[in-house]
2 protein chains.
Amino acid sequence: MTESELYDPARFPAFAVTVDLVVLTVRDSRLSALLIRRGEEPYAGRTALPGGFVRPAESLGQAARRELAEETGLADLPVHLEQLATYGTVDRDPRMRVVSVAYLALAPDLPAPTAGGDAADAHWVAVADVLPELFPAAQNRAEGHPPFAFDHARILADGVERARAKLEYTPLAAAFCPPEFTVGELRRVYEAVWGVTLDPRNFHRKVTGTPGYVRPAGGTTTRQGGRPAQLFTRGDVTLLNPPMLRPA
Amino acid sequence: MTESELYDPARFPAFAVTVDLVVLTVRDSRLSALLIRRGEEPYAGRTALPGGFVRPAESLGQAARRELAEETGLADLPVHLEQLATYGTVDRDPRMRVVSVAYLALAPDLPAPTAGGDAADAHWVAVADVLPELFPAAQNRAEGHPPFAFDHARILADGVERARAKLEYTPLAAAFCPPEFTVGELRRVYEAVWGVTLDPRNFHRKVTGTPGYVRPAGGTTTRQGGRPAQLFTRGDVTLLNPPMLRPA
DNA sequence: GTAATAGTGTCTCTAAGACAATATGAA
DNA sequence: TTCATATTGTCTTAGAGACACTATTAC
C-alpha cells in the first residue's frame, strides 16, 4: 500500500484536467493548424491551441469533440479525432496544477471559423510559419506570429509528427480530402504534411495498387487544371499494406 | 469564451489523476506482465495493473518512475518507460472522477518482485493466460486468474499492441534483453511479443544487416545450448531502417 | 555418433524509385 | 498552339521469404 493510496477518497490530490486540440488541415498546399490568440492572463496575446476544461460529467473524448465543435463553429464534422498524448509537468500552468490531454484532429479544408463565440480568435496558420524547424526544406518566411503559450509549441510539434507517421501506415491522408478526391489531391496532402515532393507517377501507381486504399467514384474533375482526373472515395481498409513510405 | 473557462481558477472542476503501469517482460519465452491482486474495494480480489495517485509536486513521468520502483522493489532499473494513453471515462472508478495516465515499461527478465511493501502482491503473469484473444495461435491453458478491475484489461491490451508495433520500427526488442545478448535471444523476444515463430536464418541476416541495430560485443555464449553464439550489445540507432516486419 | 542451436548462401518475387512516353483538358 | 496535370509503362535494384547447407558446441 503506497503512502498516496492512504488518502481518503474524499481527500485525493486535486488536479484540473483540460483538453487541448491540434486541429490540422491542408490549405493552399500547406499544412495548417487551427490556433487562437489568448485574450487573458497568463500568456495574454500569445498563440495557443484551442481547448478548455473537461467537465465533470463528460469523458475526455466527449470534451474534445465539444471543444472542436465550439471552436470550429460546426457540429458533426467529418473529422478524424484521436488522442495524442497527455502533458502534466508541475509548472506548465502558473495558476494551478493542470494536466492536459491533447487530441489530434484531421479535417478537410474547412470554411474559416465562424465569427462569434469561441471561434472569434481562431484562425488557420501554416505550420511552417510558426514551427519552421519542422520544415527544413522550405524557405520560411517567418511571419509575425506571437510565441506559443504554455507548452503548446511542443504539443503542436507532437501532433504534426503523429500525423506524419499515421500517413505512412493508415489511409488517414484521405481525412484531409473532401469525400471525392483525385490521386493528385491526395498526393498534395502527403507533400504538405511531410514537407517533401513526391514523384506523381510512382505515387499514382502506389495508391491505386494498394488494395482497399481508394475506390473509383466514377466521375472525373478538372478542378486542378490539366487533363481530367478520376475521382475516388476512401476505401475500407484501416491499415495500408504495403505502407506509403516517407522518403529518407 | 466557453462556459467552462469562466471558472474561477480556485474553483476548477477537480479530478483525481493516477498513473497505471503496463510492465512487460519475456520470461520462459512468454510475454508476461506485472500484475497485482487488489486487496480492497472497489474490485477487491480482482487483477489490476500497478499504479497510484500522482502527487501534487511530481510530474506524470516522475510518478510513473516512482510507482515502478515501488512495485518492482528496485530503483534505477534499466527499463524503457514511455507514456501509453490516458483513460478518462466518467464511471471508470465508482468512488470518484479519476483520469488515469497509463505508462508502458519494457524490462529484461527481472528477479521476482521483492516481498514486502507494495510488491507483496505483484507477480508476473503470461499475457496469453489473461488475454488469450491476443494470442490466437497459442493453445490457451486458461489458468485461474480473477478478472481485471476497472478498464485495466483494455489498458493492458493497448500496451501489448504498442509494444508489438514498436518492435517493428525501433530497436526496443533489446530492452527485453540483458546488456549482452545473442541474435537467437533477440529472436525469441520477437516471437514471444508477436506470438509468432520466425525463420532463424532470415532473422539473423536481417538483424545483422540493419545498420546500427546491434554491435558485436566480442564474446560468445552457449547458454542457449548448441553452437556458441556471438554476443551483441544494443546499437545506437533509434529507428530501424529497414524495419522488422510482422508476418501477415 | 545424435541433438540442438548458430550462421551462410542461394533463389524467387514483390515493390520502391528513376524516368520515358502518352493522354486530355484549358487558355 | 502551349501548358498543366493525369496516367501508363519500363528498367533497375533493395529487400522479404523459402529453404539447402555447413559449423560448433553438449551429451
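Proteins come first, then strands; the chains are lettered A, B, ... in the order of their sequence lines, and each starts at number 1.
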key: Among Lys206(A), Arg188(A), Glu191(A), the one residue meeting side chain to side chain contact (heavy atoms under 4.5 Å, CB included) with Leu198(A)   = Glu191(A)

key: Exercise: do Asp109(B) and Thr25(B) side chains pair donor with acceptor under 3.5 Å   = no

note = Between CG of Leu245(B) and C1' of dG17(D) the distance, given in whole Å, is 11 Å

note = Taking for Ala248(B) and for Pro200(A) the nucleotide of DNA chain D with the nearest heavy atom, the one nearer the 5' end belongs to Pro200(A)

Identify every side-chain donor-acceptor pair in residues 78-86 of chain A under 3.5 Å, counting partners at least two apart or on other chains, and give the distances.
{"unit_1": "His80(A)", "atom_1": "NE2", "unit_2": "Glu82(A)", "atom_2": "OE1", "d": "2.7"}
{"unit_1": "Glu82(A)", "atom_1": "OE1", "unit_2": "Lys166(A)", "atom_2": "NZ", "d": "3.1"}
{"unit_1": "Glu82(A)", "atom_1": "OE2", "unit_2": "Arg162(A)", "atom_2": "NH1", "d": "2.8"}
{"unit_1": "Thr86(A)", "atom_1": "OG1", "unit_2": "Thr86(B)", "atom_2": "OG1", "d": "2.4"}

task = Calculate the interatomic distance between Leu198(A) atom CG and dG17(C) atom P; express it in whole Å.
result = 9 Å

query = Out of Thr221(B), Thr182(B), Thr222(B), which one pairs with Pro228(B) under the side chain to side chain contact (heavy atoms under 4.5 Å, CB included) rule?
reply = Thr222(B)

query = For Arg164(B), what residues pass the side chain to side chain donor-acceptor pair (under 3.5 Å) criterion, not counting sequence neighbours?
reply = none

task = Using atom CZ of Arg223(A) as one end and atom C1' of dT5(D) as the other, report the distance to the nearest whole Å.
result = 14 Å

query = For DNA chain C, what residues of residues 204-222 of chain A have any heavy atom nearer than 4.0 Å?
reply = Arg205(A), Lys206(A)

Rounded distance (Å) that lies between atom P of dC3(D) and atom CD of Gln224(A) = 20 Å

key: Interatomic distance where CZ belongs to Phe203(A) and P belongs to dT5(D) [whole Å]   = 16 Å

key: DNA chain D contacts made by residues 170-197 of chain B, counting heavy atoms under 4.0 Å   = none

query = Can a donor-acceptor pair under 3.5 Å be found between the side-chain atoms of Arg201(A) and the base atoms of dA18(C)?
reply = no

query = Around Arg154(A), counting heavy atoms of other residues, nucleotides and ligands shown, do more than 12 lie under 6.0 Å from its CZ?
reply = no

note = Expected list for residues 226-243 of chain A near DNA chain D, using heavy atoms below 4.0 Å, is Gly226(A), Arg227(A), Pro228(A), Ala229(A), Gln230(A)

note = Here the gap from Leu131(B) atom CG to Leu156(B) atom CG, rounded to the nearest 0.5 Å, amounts to 5.0 Å

message = Any salt bridge linking Asp28(B) with Arg30(B)? Criterion: basic side-chain nitrogen under 4.0 Å from a carboxylate oxygen.
response = no

remark   = Here the distance between atom C1' of dG17(C) and atom CE of Met244(A), to the nearest Å, is 13 Å

Phe203(B) ring center near Tyr190(B) ring center (under 6.0 Å) = yes

ask   = Which residues pass the side chain to side chain donor-acceptor pair (under 3.5 Å) test with Tyr169(A), sequence neighbours left out?
value = none

ask   = For the pair made of CG in Asn202(B) and C1' in dC13(C), what is the distance, rounded to whole Å?
value = 13 Å

inquiry  = Any donor-acceptor pair under 3.5 Å linking the side-chain atoms of Tyr87(B) with those of Asp158(B)?
reply    = yes

